[in-house]
Amino acid sequence: MSDFTIIRDKLLNHINQLIDECQYAYSVDLDKDDLYNLYLDSFPAGINEIYRERREHDCSACRYFIKTVGNIVFIKDNKPVSIWDFDVDNNEYEPSFKAMSTYVYQHDITDIFLSPFRRIGTVVNREETEGGKIISWTHFYMKVPNTMYCKEGALNSEIAKVREAKQLLESSLEVITKDSVETVLELIAQNSLYRGDTWIEILENFNSVREAYESLDDKEKNCFLWRKVKDLPHALTHLKNTSMGTLLVDVSESMNLDRAVRKYEKVVAPENYQRSKPIYTKQMLEEARKKIDALGYMNSLKRRYATLNDITINNILFANRDVKKELEVDIFDEMSKDLSVDPKKFSKVEEISIDNFIDNVLPTAKEVEVLFENRHTKNLVSLIAPSDITSKSMFKWNNSFSWAYTGNIADSTLKENVKKAGGRVDGVLRFSIQWNDIELDKNDLDAHCKEPEGGQHINFIRKVSYKTGGNLDVDIIRPVSGKPAVENITYPTMNRMIQGDYEFYVYCFNYRGGKKGFRAEIEFDGKTFQYNYDKAMRKNEKIKVATVHFDGQQFTIKHHLNADSSIASKEIWNINTLQFIPVNVICYSPNYWDENQGVGNKHVFFMLKDCINPEQPNAFYNEYLTNDLKEHRKVLEALGSKLAVTDADSQLSGIGFSTTKRDELVVKVKGHTERVLRIKI
């Protein structure tokens with residue numbers, strides 16, 4: 001028996017043993033030509049010499065085998081095992097096998113391996129020489145087990161199905177928190193979710209999978225997901241894309257629990273369904289009622305919007321008390337007030353810190369106006385007072401006032417579609433793409449971001465950057481008719497972001513006939529840049545959209561496609577953006593009124609003229625409450641969202657800024673003179 005036949009049989013035994021132990025094989029993404037060349041080039045000198053026209057080991061049958069299955073691995077103990085990784089015990093072949101094994105381990109798994117053939121490779125072939133002699137040639141080969149076999153017509157769809165399941169499972173594990181699952185299981189135990197009992201086994205298994213997943217490093221996690229996805233039920237791997245998954249994501253992202261459950265029930269419950277119980281038990285409610293009554297907080301629960309008359313003069317930093325005679329309005333003057341103000345116009349105005357502004361500018365100011373920019377919509381805030389102004393404070397500070405910021409406002413259809421798909425749109429930087437919205441377009445397009453040096457390349461393979469927090473949270477592989485396909489990358493906070501260039505582009509992973517290109521958006525600082533690429537994309541084509549530069553404090557953008565910036569004025573809370581709005585009152589947040597110092601973060605509120613909150617804000621939040629009520633936080637969380645904040649004339653609403661977060665605001669101050677200042681917060 002020749003050396004090659006011995007090595008071939010060892011390889012076959014190794015593969016068969018891996019099949020018995022692991023069942024499934026997976027493909028790593030590498031250059032197959034390079035792999036085959038490694039096999040030929042790594043033989044010791046003098047071994048793989050020219051035989052006739054080619055080198056001795058360079059045969060078409062073995063080349064086909066190596067280029068077909070040389071890149072597959074099996075998964076044992078959450079680690080990849082190459083088919084070339086075994087004790088060769090042959091000085092001639094060992095360097096080649098070791099080189100191929102090393103090359104395979106340098107690359108990540110990207111797909112499950114399936115074959116439309118029952119055998120790969122050739123066992124033996126025979127050749128008749130010119131002298132009539134018959135020569136037998138043996139080659140690499142393997143038999144394909146049922147777990148690795150798939151009919152040719154279904155091959156691509158089966159591979160894509162497993163890839164999608166893996167990607168969805170990974171996304172679910174990264175986004176859905178353990179606490180959210182435990183909270184939902186508690187609601188199910190209380191019979192507070194419609195048909196929630198059908199999800200108990202899935203949710204318990206999901207948390208078991210999470211526990212195993214979180215104990216692994218990044219390389220092991222990738223292997224774990226590829227192997228685990230073959231054994232888990234569809235409802236678990238695709239959890240994030242279900243109605244229950246939407247509920248879990250909402251709870252994970254700290255959405256009010258009652259609101260999250262209402263969203264879930266709107267999707268799954270029949271119209272006449274009413275929850276048999278609220279999302280807290282009767283015992284919990286009764287215990288909370290007794291405690292609130294015993295502590296004297298019952299009258300403190302009813303809330304309303306605060307007015308200027310509620311605040312003592314000691315807690316007002318500025319108030320515009322001028323009363324001007326109402327004059328007949330010239331319609332042309334009135335229309336001129338609606339013209340937008342470009343914030344860039346004030347890029348070189350005098351800058352001043354918020355403390356300097358409060359200490360040295362406000363004392364002599366008679367009028368203050370703020371430039372309400374689009375990015376300030378996230379800063380909209382209302383001051384909330386008790387209906388009974390004499391009621392006992394149930395907060396950590398010695399007054400009964402609280403405050404509530406707005407939720408984020410969607411600015412575009414694309415943004416709305418991202419939200420519907422489960423993506424986050426409330427980060428400091430967002431890149432979204434959309435296609436399949438003009439006509440049926442089954443292309444598989446991918447959103448990518450190459451982060452600065454020290455970061456990562458965010459795409460469908462590595463969706464979360466553990467360095468910066470950037471996250472590809474929506475990944476569509478197979479668009480369906482009538483439903484726009486979207487992908488979304490968002491950065492939740494500047495605190496973790498690396499300084500440098502963030503390159504955003506669209507990659508065509510798979511071309512399936514689509515000809516209408518894509519739409520894209522990049523959003524930061526309240527500005528949205530929209531792009532339209534209306535050409536067909538070829539397979540593996542990459543279209544650069546824009547590069548966003550982050551200097552540690554703010555973003556700038558370089559466009560690679562033509563962009564339309566959404567800097568037009570819009571009306572929100574009864575006032576218009578990109579205009580100067582008169583300020584009625586400037587004050588600190590109530591936790592810093594009177595003698596309170598250091599009770600949580602300090603906020604500065606600019607309460608604006610005619611600003612009216614149309615939302616239903618929370619009456620209070622758990623983090624405000626005194627420690628006496630901590631044990632009843634679930635009931636009080638529900639009460640905070642359920643209790644109506646009643647309207648009041650001349651409510652105090654405007655924009656607020658936490659002094660712990662970087663921000664800025666352009667103001668126009670009138671005293672003895674008129675000045676325009678940029679306040680740095």
Side-chain angles (χ1 to χ4, degrees), residues 256-259 278-280 282-317 319 380-406 584-605 607 611-654 656 658:
N256 174 270
L257 190 58
D258 188 66
R259 180 184 171 196
I279 58 172
Y280 42 84
K282 291 181 179 179
Q283 180 180 358
M284 292 165 63
L285 182 62
E286 188 58 33
E287 290 176 353
R289 185 196 303 275
K290 290 179 180 178
K291 186 65 171 286
I292 290 170
D293 190 37
L295 294 174
Y297 294 137
M298 198 62 72
N299 288 343
S300 306
L301 295 176
K302 295 181 180 179
R303 313 288 288 170
R304 62 171 172 79
Y305 288 107
T307 67
L308 183 59
N309 294 330
D310 294 321
I311 312 177
T312 63
I313 193 65
N314 293 334
N315 294 317
I316 295 175
L317 300 172
L380 286 164
V381 67
S382 292
L383 194 63
I384 311 297
S387 296
D388 179 359
I389 203 67
T390 64
S391 63
K392 180 180 178 182
S393 173
M394 57 182 181
F395 303 134
K396 295 174 182 177
W397 44 91
N398 60 9
N399 61 71
S400 297
F401 292 83
S402 60
W403 64 96
Y405 281 98
T406 182
N584 285 336
V585 172
I586 300 175
C587 64
Y588 289 128
S589 48
N591 56 331
Y592 277 79
W593 288 359
D594 300 319
E595 302 301 321
N596 292 306
Q597 291 295 327
V599 186
N601 293 336
K602 180 191 287 187
H603 301 252
V604 181
F605 298 148
M607 300 307 185
C611 187
I612 299 174
N613 186 346
E615 303 174 7
Q616 178 53 61
N618 276 27
F620 50 80
Y621 296 93
N622 278 355
E623 56 263 35
Y624 297 168
L625 299 175
T626 176
N627 290 332
D628 295 338
L629 300 172
K630 186 175 181 180
E631 61 183 300
H632 304 290
R633 57 185 177 83
K634 290 187 177 180
V635 173
L636 287 164
E637 178 186 7
L639 282 173
S641 64
K642 282 181 174 292
L643 288 170
V645 176
T646 58
D647 207 356
D649 294 334
S650 303
Q651 62 174 249
L652 290 177
S653 293
S658 170

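Predicted model, so just to flag it, every value in this text is computed and none were measured.
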- Task: Might you point out which heavy atoms bring Ser387 and Thr646 nearest each other, and give the distance in Å?
- Result: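 Heavy-atom minimum between the residues: OG-OG1, 4.4 Å.
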Less than 4.5 Å apart, side chain to side chain, heavy atoms only: is that true for [X] and [Y]?
X: Asn315; Y: Asn399; result: no
X: Cys611; Y: Asn584; result: no
X: Leu308; Y: Ile316; result: yes
X: Asn601; Y: Tyr592; result: no
X: Met394; Y: Leu301; result: yes
X: Leu652; Y: Ile311; result: yes

- Pairing residues for Ala404 by the side-chain contact (heavy atoms from CB on, under 4.5 Å) criterion, not counting sequence neighbours: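 If we apply the side-chain contact (heavy atoms from CB on, under 4.5 Å) test to Ala404, skipping adjacent residues, the hits are Pro617, Tyr621.
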- Please list, chain by chain and in numerical order, all residues satisfying side-chain contact (heavy atoms from CB on, under 4.5 Å) with Ser391, sequence neighbours excluded.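 Expected list: Asn299, Ser300, Pro386, Asp388, Ser400.
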- If we ignore angles and hydrogens, is there a donor and acceptor under 3.5 Å between the side chains of Ser382 and Asn613?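 Yes.
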- Message: Whether the Asn591 and Ser589 side chains hold a donor-acceptor pair (N or O, under 3.5 Å, no angle test) is what I'd like checked.
- Response: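 Side-chain D/A pair, Asn591 to Ser589: present.
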- Query: Do the ring planes of Tyr405 and Phe605 sit parallel (below 30°), tilted (30 to 60°) or perpendicular (above 60°)?
  - Reply: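 Aromatic pair Tyr405/Phe605 classed perpendicular.
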- Message: Over 60° means perpendicular and under 30° means parallel, so tell me whether Tyr624 and Trp403 are parallel, tilted or perpendicular.
- Response: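 Tyr624 vs Trp403 ring planes: tilted.
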Spacing of [atom1] belonging to [X] relative to [atom2] belonging to [Y], to within rounding of 0.5 Å:
X: Lys396; Y: Leu629; atom1: NZ; atom2: CG; value: 11.0 Å
X: Leu625; Y: Phe395; atom1: CG; atom2: CZ; value: 6.5 Å
X: Gln651; Y: Arg304; atom1: CD; atom2: CZ; value: 11.5 Å
X: Trp593; Y: Asn314; atom1: CH2; atom2: CG; value: 11.5 Å
X: Lys602; Y: Ser658; atom1: NZ; atom2: OG; value: 11.0 Å

- Query: Counting only N and O atoms by type, is there a donor-acceptor contact under 3.5 Å from the side chain of Asp310 to the main-chain atoms of Thr307?
  - Reply: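 Judged by distance alone, yes, a pair lies under 3.5 Å.
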- Task: For Lys392, look at atom NZ and say whether over 12 heavy atoms of other residues, nucleotides or ligands are found less than 6.0 Å away.
- Result: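 More than 12 within 6.0 Å, yes.
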- Mind running side-chain contact (heavy atoms from CB on, under 4.5 Å) on Tyr305 and Ile384 for me, showing each step along the way? CA-CA 5 Å; Tyr305 288 107; Ile384 311 297; 4.0 Å; yes
